[in-house]
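Reckoned from all heavy atoms, side chains included, excluding hydrogens, waters and symmetry mates.
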Amino acid sequence: QQWPPIGTSPLCITTWPSALLQLPSLLEGMGVCQWEAIAAYAADRDLEGPERDATEEARYDAQKQWLSSRGQAPHEYVLRIVAWDEACMALEPCLVPYYLEAGMEHWLLWFNPERYLPVGDLPPEDQIREALQRFLGPAPDPEWVMWYENLPSKRSVPAVRHLHVFLRLSAAPPPVGAASRMLRQAWEGRSEWLAEERRQRGIRSELPLA
């Protein structure tokens, strides 16, 4: 059986403008990628996948510049910050998520290169499902979770393999929401870049108005 299951035609407005004629409700939030688009892209990589909006791209550029100023590479930051489990995996929120419809969250399932080499094979599907269940509680269901690995040309941290995981919390069992909130809270406490962003916002708020 295909996993994730093949969905309907992608509904990402920037890629499929004809969807506007069929679904006027998609006019809200131009460029937002919907659940069906994620399912379609996971099944067919010839389609265009989701992207970040301008705000998240700017945040990503700022984080890379900040790391460079400290003499660090993105993969070094990941290896230091991520909370690895005994299987050398970690499920963490995406620092700069794709532009998704409301109710969806973008996460990353990281694989420690000490066990999973950048050019090696990732665990089989049953182990991916077991890992997600270990982190989130209920067994994964395509109604509320999907995942894929970016094509090599789109991997921004190729030294550390990771899957893009998408949660639709409105359709997930309550334990998934509770587990994701706990994971996010712990991640926010570890994230040096989030702390730096808060520091920079504090500095800007103290500047006198022109």
TODO: Check whether any side-chain heavy atom of E197 sits under 4.5 Å from a side-chain heavy atom of L194, and report yes or no.
DONE: yes
Open item on the list: Under a 3.5 Å distance rule, please check whether Y116 uses its side chain to pair with a backbone N or O of P123 as donor and acceptor.
Closed with: no
Open item on the list: Quick check: closest heavy atoms across R134 and A87, and the distance to 0.1 Å?
Closed with: NH2-CB, 3.6 Å
Task: Closest contact, heavy atoms only, I128 versus F111 - done: CD1-CZ, 3.6 Å
Open item on the list: Applying a strict under-4.5 Å side-chain criterion to I, L, V, M, F, W and Y, I'd like to know whether L108 and Y148 cluster together.
Closed with: no
Task: Flag side-chain contact, heavy atom, 4.5 Å: R184 against E188 - done: yes
Open item on the list: Less than 4.5 Å apart, side chain to side chain, heavy atoms only: is that true for Y99 and E56?
Closed with: no
TODO: Taking all non-hydrogen atoms of both residues into account, name the closest pair between F135 and A90 and its distance.
DONE: CZ-CA, 3.7 Å
Open item on the list: Tell me if a side-chain donor or acceptor on S69 pairs with a main-chain N or O of W66 at a distance below 3.5 Å.
Closed with: yes
Open item on the list: Show, in sequence, the C-alpha distance, side-chain angles and deciding distance for H162 and V78, and conclude whether the side chain to side chain contact (heavy atoms under 4.5 Å, CB included) test is met.
Closed with: CA-CA 11 Å; H162 55 282; V78 168; over 6 Å; no
TODO: Measure across M89 and A131 and return the closest heavy-atom pair with its distance rounded to 0.1 Å.
DONE: SD-CB, 3.5 Å
- [ ] Give a yes or no on whether the backbone of C33 and the side-chain of Y98 come within a donor-acceptor separation of less than 3.5 Å.
- [x] no
Open item on the list: Is there a salt bridge (Lys or Arg N to Asp or Glu O under 4.0 Å) between E196 and R70? Walk through the geometry before answering.
Closed with: CA-CA 12 Å; E196 174 65 15; R70 292 157 57 102; over 6 Å; no
TODO: May I ask you to test the I81-W193 pair for a side-chain heavy-atom distance under 4.5 Å?
DONE: no
- [ ] Look at E101 together with R168 and state whether they make a salt bridge at an N to O cut-off of under 4.0 Å.
- [x] no
- [ ] Would you give the length of the straight line joining atom CG of D53 to atom CG of L100, rounded to the nearest 0.5 angstrom?
- [x] 9.5 Å
Task: Gap separating the CG atom of L117 from the CZ atom of R115, nearest 0.5 angstrom - done: 11.5 Å
Open item on the list: Test your reading of the model: is there a side-chain donor-acceptor pair from S180 to the backbone of V176, 3.5 Å cut-off?
Closed with: yes
Open item on the list: Measuring from atom CD of Q127 to atom CG of L122, what distance do you get when rounded to the nearest 0.5 angstrom?
Closed with: 10.5 Å
Open item on the list: When you compare the side chain of Y60 with that of L95, does any pair of heavy atoms fall below 4.5 Å?
Closed with: no
TODO: Give a yes or no on whether a salt bridge exists between K154 and E51, defined as a side-chain N under 4.0 angstrom from a carboxylate O.
DONE: yes
Open item on the list: I'd like to know if the side chain of H75 reaches the main chain of A73, judged simply by a donor and an acceptor atom lying under 3.5 Å from each other, with no hydrogens or angles considered.
Closed with: no
- [ ] Kindly check if the number of other-residue, nucleotide or ligand heavy atoms within 6.0 Å of CG (D121) is above 12?
- [x] no
Task: Exercise: identify the closest heavy-atom pair between R161 and V119 - done: NH1-C, 4.1 Å
Open item on the list: Please give me the minimum heavy-atom distance between P97 and R52, naming the atom from each residue.
Closed with: O-CG, 3.6 Å
Task: Path from W110 to L91 over hydrophobic side-chain contacts below 4.5 Å - done: no
- [ ] Using the test salt bridge (charged side-chain N to carboxylate O under 4.0 Å, His left out), find all partners of R198 that sit at least two apart in sequence or belong to another chain.
- [x] none
Task: H164 NE2 to R155 CZ distance, which is reported to the nearest 0.5 Å - done: 9.0 Å
Task: Ring centre gap for F166 and H106 strictly below 6.0 Å - done: yes
- [ ] Is it possible for you to say whether W107 and L163 belong to one hydrophobic cluster, with membership spreading through side-chain heavy-atom contacts below 4.5 Å?
- [x] yes
Task: Whether R59 side chain and V96 backbone form a donor-acceptor pair below 3.5 Å - done: no
Open item on the list: Can you confirm whether more than 12 heavy atoms, excluding those of E143, are under 6.0 Å from its CD atom?
Closed with: no
Open item on the list: I want to check something: taking the side chain as every heavy atom from C-beta on, are M146 and Y41 in contact at a cut-off of under 4.5 Å?
Closed with: no
Task: Distance, nearest 0.5 Å, that separates CH2 of W147 from CD of E125 - done: 5.5 Å
Task: Student check: side-chain heavy atoms of L167 and L136 closer than 4.5 Å - done: yes
Task: Side chains of Y77 and V157 in contact at under 4.5 Å (non-hydrogen atoms) - done: no
Task: Atom pair CH2 (W84) and CG (N112), whose distance is rounded to the nearest 0.5 Å - done: 4.5 Å
